[in-house]
Amino acid sequence: MRSSKPDKVLGSMEPPVNHPNPRLFPPAKTDNNETASSDEQARIEWLCQQLLSFCPDPIQAFLYKNEHKEYLISGLTRLPGGYSSLDASRPWILFWILHSLELLGMFKGPMSEEDAKRIYTFLDKCQAPTGGFGGGPQQTAHLAPTYAAVMSIVITGSEKAYKTINRQKMYDFLMSLKVTEGLLQGGFSVTKDGEIDTRGTYTCMAVASILNIITPELVEGVAEFIARNQTYEGGIGAEPGNEAHGGYAYCGLATLRILNRTDIIDLDALLQWTTQRQMSLEGGFQGRTNKLVDSCYSWWVGGIFPLLQDLLYPLPNHRSSADAKSNEDKKGASTGSGKPSSGNESGTKGTTGVNNGGSNSSSIKGSGDKKMNASMASSSSSSSSSSSSPSTYSMRPGLALFDPVKLQEYILLCCQGDRGGLKDKPGKRVDYYHTCYSLSGLSMAQHQYVSDGKGGAELNGPVGGVRNLLTRTDPTYNASPQRVKQAYEFFHKLPLPKTWTERKMEPVKVNMDLDRS
């Protein structure tokens, strides 16, 4: 039985007459020249219009948490046959499932040692002899599954899991992929002789910052490579000259955030490009100009906003306790200290008010709840003190960088599967990838802070009320802020690996033993 569903089934409601569904922007001009893309856009808008019209009152929107949990847990033991094509992405499937479950509140306490052991034992089989992780046991190491494997280990919160990672070999693997000359200098190849792009560079920097293996030689030229990938539109592409794309824009900004080099790109242009990705009627995001809505961009585009919020319009009473150390952190990348830019406190700099509940003076305004006390947020994260660093918040009261309510409505009303899981858009099938990034974007939108016009801030809150509330996710790494902090503190007690520069300076050992046979 689906005990989590409300008594009233939304699908049985008659759509209201002349239901107001205002557009965020004017309709796209087609010049009366119909194409396959414009026809498909019109069809998706019509489908979304029908689904959104079934729920005129936001309080009726419901997140089917129990169904999603059942769908996700089933994937940990048995996958549908269609997933055989993703045999080289097994750490990714594991991460998508684990992160979705932690957003749904499954790992509020420590993960059981039995479950953690199953996870790190499998991932250890994916660890390549040369360092890094492959897409499955005995597969070639690749930066994408390396990121997924490390973040899955971070989610376990197990020191035994942490210790399975060979940091020296990981460092050697990352350095072996670094590009040291040409237009792509500063970037990283995703694998030996693989493509060199923003995605690979982000996964490299994310892994290195958490594992405390960031050194000057590793980060040399990285920020400049990302800056060359910013396009005339303001977004960021895969490599110089490529079209701006939501996934690469997020990866590029998060990389610069880790290195504290966000000054190297035009943030205002990036903000303008990012805000234009929210679809007018649907409320979700597209990944590129003139493309269709896709729920995965709820995170890949939506995740850009908390990073930009703190950089361009910081909220004075919701700054991270890590902000006091920002000057020290700016020194981290250049000195090779390996400190992530966030400092990885429970409240991570780079997110809007990720101080795990905020100050006592703020409130959570959930669509569907008239007002909820800020202590409600403690159900999704542990408490920590926040410093009130003075700053100027120049946005008007109540104004946000995007419309978090419309994004939540798109995810809740247009993307949920009847039996659990979330989908790309209406008419598509559910899958673990879109479940993960839909929930990540939903969490981000729920925890979006806006100015209260009185020197403080208030949380936008969850559409449908506190019953739909998800736990927070770190905007730089997309995992629990507490789990990220725990892993960061563990690895930063360990010494830095031996660099390639240091090895070149070591005297060469000559074997003086002669073959006497």
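None of these values were measured; they are calculated from a predicted model. Below, each value reflects all heavy atoms present in this structure, side chains not excepted, and no hydrogens, waters or symmetry copies.
Closest non-hydrogen pair, A61 versus N468, comes out as O-ND2, 3.1 Å. Heavy-atom minimum distance, Q286 versus V301: O-CG2, 3.7 Å. When all heavy atoms of Y433 and W96 are compared, the closest pair comes out as CD1-CZ2, 3.5 Å. For N478 against H99, the heavy-atom pair with the smallest separation is OD1-NE2, 2.8 Å. When all heavy atoms are compared, the tightest approach of L412 to V463 is CD1-O, 3.8 Å.
Residues Y147 and Y202 place their aromatic rings such that the two centres sit under 6.0 Å apart. You'll find the ring centres of Y297 and H245 inside the 6.0 Å limit. Note: W300 and F285 fail the aromatic proximity criterion, with ring centroids not under 6.0 Å apart. Close placement of the Y64 and F62 rings is indicated, their centers lying within 6.0 Å of each other.
To the nearest 0.5 angstrom, L184 atom CG is 7.5 Å from R228 atom CZ. A distance of 11.0 Å separates CZ in R429 from NZ in K423, rounded to the nearest 0.5 Å.
Each of V154, T476, I258 was checked for a side chain to side chain contact (heavy atoms under 4.5 Å, CB included) with I210, and the lone residue meeting it is V154. Of the candidates C126, P91, S89, P145 forms a side chain to side chain contact (heavy atoms under 4.5 Å, CB included) with just one, namely P91. Partner P426 forms a side chain to side chain contact (heavy atoms under 4.5 Å, CB included) with one of V293, L47, L413 and no other, that one being L47. Under the side chain to side chain contact (heavy atoms under 4.5 Å, CB included) rule, L292 has a single partner from E40, E45, E282, M279, which is E40.
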*Given side chain to side chain donor-acceptor pair (under 3.5 Å), test Y477 with S209 step by step and report yes or no.*
CA-CA 10 Å; Y477 301 99; S209 61; 2.8 Å; yes
*asked:* What verdict does the ring pair (Phe, Tyr, Trp, His ring centres under 6.0 Å) test give for Y83 and Y432, after you've listed the backbone C-alpha separation in whole Å, the side-chain angles of each residue and the deciding distance to 0.1 Å?
replied: CA-CA 10 Å; Y83 279 86; Y432 296 112; 5.3 Å; yes
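For the pair K192 (side chain) and H142 (backbone), a donor-acceptor distance under 3.5 Å is absent. Counting only distance, with no hydrogens or angles, the side chain of Q278 and the backbone of D403 share a donor-acceptor pair below 3.5 Å.
By the 6.0 Å and 45° rule, R90 does not stack over the aromatic ring of W92.
Residues passing the side chain to side chain contact (heavy atoms under 4.5 Å, CB included) test with E195 are V190, D197, R199, sequence neighbours excluded.
Side-chain atoms of T121 and D124 include no donor-acceptor pair closer than 3.5 Å.
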